[in-house]
Amino acid sequence: MKITKQYICQSCGSIHMKWNGKCEQCNEWNSLIEESTNKSAGPLSRTKGKVINFELLNAETKDHPRLKTNLEEMDRVMGGGFVLGSATLIGGDPGIGKSTLLLQLTGYFSKINQNCLYISGEESLSQVKMRSDRLGLKNTNIQFASSTNANDIAHTIKTINKKSILIIDSIQTMYLPQIESAPGTVSQVRACANELIIAAKASDSILILIGHVTKDGSIAGPRILEHMVDTVLYFEGDNHFQYRVLRSIKNRFGPTNEIGVFEMLSNGLKQIINPSELFLSDRKKNVSGSAIFAGLEGTRPILIEVQALVTPSTLPSPRRTIVGWDIARLSMLCAVLEARCKIHLSNMDIFLNIAGGLKISEPAADLAVAAALISSVRNIPLSFSTVYFGEVGLTGEIRKVPQPELRIKEAYKLGFDKITLPSKQKVTIKEDLSYINITLLSDLVNLITKNV
Ligand code: TYD
Ligand code: MG
């Protein structure tokens, strides 16, 4: 067996023979770490293979059995509950509430008589016990172990050989003794996850891995992990806000980009069934710079307040401060407003905020952001009962967006009666709504200036 040294990028997982300050694959600085590998286990080993079996693709198979939780928001994100024999990765910043969410879930699963095993490499029994008391999980049968050896854990899972709910908190603390690198490195994380997934799938168990997230937002190092598991969820939110958003990034058993909204209270996470109501609850009447965007997260419509503040700047390069939206998108929108609508923003400071701590990435938000900017720069409050959606193109044209009906229905449900939308958008909902069709961004400027 020949042990060789290699340098593996902790960001993208690419392998280099020499150390370098920058990874040539992903351009990340200082991400190469020396890890030793076992050459004989590589592709060059000359072991003989076995013949594999084929089966008919359209032969009858059973549906994936699912286990529902007591949280509707969680089930939606998972596409209708956890699939037995699946592996899920939950990533998020430290302190966002991953351990809390999973302890709450195991609390429920143990109440419905599932075998729940919670393995922590980060916290001791007394720490987890304190949290479970806080969550009111006194009479449950959750079994807890503090361990970081993935070999032992996989062996135990195989020995128990019973359908279980397995929580690994967190995958970065796990290690396999046969691999030399430190816990948390790409080799360790990949090998440990592989070992645990195989062991869990053999007993048709539900495996949930907790993963930490790096500064740039990817699950630390192991982007490779995302390929190994069936479902990847991100738990997002700002530590200063109570609200947390659980988002599916990948799901082999359901739609992606679904969101579930939770609130962190002193006794754990509470689901929020109607987030639109919550995000709009602090809205003020008759103030300029506030527009309501009828957005869509996955299959769920959600109304969000976009706030803009445009003020004359004293700086040589004016400030652009954004919370919850994309800076490149804002620059584009400012350029279009400047070039096509004669709204001068180049000597103005712009502050843009998506209220409630939500991050939006839909281009459909362009129209609402533009409305908020125009309203602020002209100091004209927008109508309190109007929602906006539409994508802005570089020529100033307003483009169609997906699923207008879902957005309109949500707006109607929450008492909005004016819908500002792209003129090409076909909608069939009659109700007592008035539609304001916009062809060009300059139409929106005229509309707001005439105070409609
Ligand atoms: P935790 O689940 O430990 O976060 P993670 O596992 O993602 O690192 O939760 C962290 C925060 O949540 C911590 O700052 C305390 C707070 N918290 C509450 O506000 N209420 C609660 O009931 C619990 C258990 C935690
Ligand atoms: Mg934790």
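In this chain, numbering begins with 1 at the start of the sequence shown.
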(request) Give me the one residue out of His16, Lys22, Glu24 that meets side chain to side chain donor-acceptor pair (under 3.5 Å) with Asn20. (result) Glu24
(request) Run the salt-bridge test on Glu73 and Arg300 with the 4.0 Å N-O cut-off and return the result as yes or no. (result) yes
(message) With a sphere of 6.0 Å drawn around CZ of Arg399, does it hold more than 12 non-hydrogen atoms of other residues, nucleotides or ligands?
(response) no
(request) Mark yes or no for whether Lys400, through its side chain, and Pro422, through its backbone, hold a donor-acceptor pair below 3.5 Å. (result) no
(request) Heavy atoms only: give me the nearest Gln425-Val401 pair and the separation to one decimal. (result) NE2-O, 2.7 Å
(request) Taking the side chain as every heavy atom from C-beta outward, state whether Phe82 and Thr231 have any pair of such atoms under 4.5 Å apart. (result) no
(request) Measure the CZ-OG1 distance between Phe109 and Thr140 for me, rounded to the nearest 0.5 Å. (result) 13.5 Å
(message) Under a 3.5 Å distance rule, please check whether Ser181 uses its side chain to pair with a backbone N or O of Gln188 as donor and acceptor.
(response) no
(message) Check for me whether Arg244 meets the cation-pi criterion with Phe235, that is, NZ or CZ under 6.0 Å from the six-membered ring centre and within 45 degrees of the ring axis.
(response) no
(request) Kindly say whether Ile354 contributes a backbone atom to a donor-acceptor pair with the side chain of Trp325 at under 3.5 angstrom? (result) no
(request) Take the angle between the ring planes of Tyr118 and Phe144 and call it parallel below 30°, perpendicular above 60°, tilted in between. (result) parallel
(message) Taking atom CD as the centre, does Glu55 end up with more than 12 heavy-atom neighbours from other residues, nucleotides or ligands that are less than 6.0 angstrom away?
(response) no
(message) If only side-chain N and O atoms count, and only distance matters, is there a donor-acceptor pair under 3.5 Å linking Ser170 with Glu122?
(response) yes
(request) Could you tell me the separation between the CG atom of Leu102 and the CE atom of Met74, rounded to the nearest 0.5 Å? (result) 7.0 Å
(message) Taking Glu410 first and then Lys413, would you say they form a salt bridge - that is, a charged N and a carboxylate O separated by under 4.0 Å?
(response) yes
(message) With rounding to the nearest 0.5 angstrom, report the CZ to CG distance, Arg134 to Leu103.
(response) 12.0 Å
(request) Count the heavy atoms belonging to other residues, nucleotides or ligands that lie under 6.0 Å from NZ of Lys201, then report whether that count exceeds 12. (result) yes
(request) Walk me through it: do Arg407 and Val387 pass the test side chain to side chain contact (heavy atoms under 4.5 Å, CB included)? (result) CA-CA 9 Å; Arg407 299 169 198 266; Val387 295; over 6 Å; no
(request) Establish, from distance only, whether the side-chain atoms of Gln10 and Thr185 form a donor-acceptor pair under 3.5 Å. (result) no
(message) Do Leu135 and Asn267 make a side-chain contact, defined as non-hydrogen atoms from C-beta onward lying under 4.5 Å apart?
(response) no
(message) Under a 3.5 Å cutoff, is there a donor and acceptor pairing between the side chains of Asn251 and Thr256?
(response) no
(request) Specify the closest pair of heavy atoms between Ile157 and Ala199, including all atoms of both residues, with the distance to one decimal. (result) CG2-O, 3.7 Å
(message) Tell me whether Lys111 contacts the main-chain N or O of Thr106 through its side chain, where contact means a donor paired with an acceptor under 3.5 Å.
(response) no
(message) So does Ala365 get a backbone contact from the side chain of Glu391, meaning a donor-acceptor N/O pair under 3.5 Å?
(response) no
(request) Walk me through it: do Leu225 and Met228 pass the test side chain to side chain contact (heavy atoms under 4.5 Å, CB included)? (result) CA-CA 5 Å; Leu225 252 193; Met228 297 169 66; 4.2 Å; yes
(message) Using only atom types and a distance under 3.5 Å, with no angle test, would you say the side chain of Ser423 pairs donor to acceptor with the backbone of Asn437?
(response) no
(request) May I have the step-by-step check of side chain to side chain contact (heavy atoms under 4.5 Å, CB included) for Tyr7 and Ile33, ending in yes or no? (result) CA-CA 5 Å; Tyr7 298 88; Ile33 287 195; over 6 Å; no
(message) Donor-acceptor pair, distance only, cut-off 3.5 Å: does the side chain of Ser86 make one with the backbone of Leu84?
(response) no
(request) Determine, step by step, whether Ile165 and Leu67 satisfy the side chain to side chain contact (heavy atoms under 4.5 Å, CB included) criterion, reporting the C-alpha distance in whole Å, the side-chain angles of both residues, the deciding distance to 0.1 Å, and the verdict. (result) CA-CA 10 Å; Ile165 318 291; Leu67 200 58; 3.7 Å; yes
(message) Nearest 0.5 Å, please: how far is CD in Glu305 from CZ in Phe279?
(response) 11.5 Å
(request) Take Glu123 and Ser146 through the side chain to side chain donor-acceptor pair (under 3.5 Å) test and state the conclusion after the steps. (result) CA-CA 7 Å; Glu123 289 163 303; Ser146 190; over 6 Å; no
(message) Side chains of Asn70 and Gln104: any donor to acceptor distance under 3.5 Å?
(response) no
(request) State which residue, out of Thr69, Ile206, Leu269, Thr100, fulfils the side-chain contact (heavy atoms from CB on, under 4.5 Å) condition with Leu105. (result) Thr69
(message) Can you confirm whether the side chains of Gln403 and Glu405 place a donor and an acceptor under 3.5 Å from each other?
(response) no
(request) Verify the neighbour count for atom CG of Leu394: are there more than 12 heavy atoms of other residues, nucleotides or ligands below 6.0 Å? (result) no
(request) Report yes or no: does Lys98 contribute a side-chain atom to a donor-acceptor pair with the main-chain N or O of Asp93 at less than 3.5 Å? (result) yes
(request) List the steps and the verdict of salt bridge (Lys or Arg N to Asp or Glu O under 4.0 Å) for Glu226 and Lys250. (result) CA-CA 8 Å; Glu226 300 189 354; Lys250 163 184 171 178; over 6 Å; no
(request) Starting at CG of Asn115, measure out to CG of Asn141 and round the result to the nearest 0.5 Å. (result) 9.0 Å
(request) Start with the C-alpha distance between Thr299 and Glu258, add both sets of side-chain angles, then the distance that settles side chain to side chain donor-acceptor pair (under 3.5 Å), and finish with yes or no. (result) CA-CA 6 Å; Thr299 56; Glu258 284 294 345; 2.4 Å; yes
(message) We want to know whether Asn161 and Ser203 form a side-chain donor-acceptor pair, criterion being a heavy-atom distance below 3.5 angstrom.
(response) no
(message) Any donor-acceptor pair under 3.5 Å linking the side-chain atoms of Ser290 with those of Gln307?
(response) no
(message) Check this for me: does any side-chain nitrogen of one of Glu195 and Arg190 sit under 4.0 Å from a carboxylate oxygen of the other?
(response) no
(message) For the CZ atom of Arg320 and the CG atom of Leu330, what is their distance to the nearest 0.5 Å?
(response) 6.5 Å
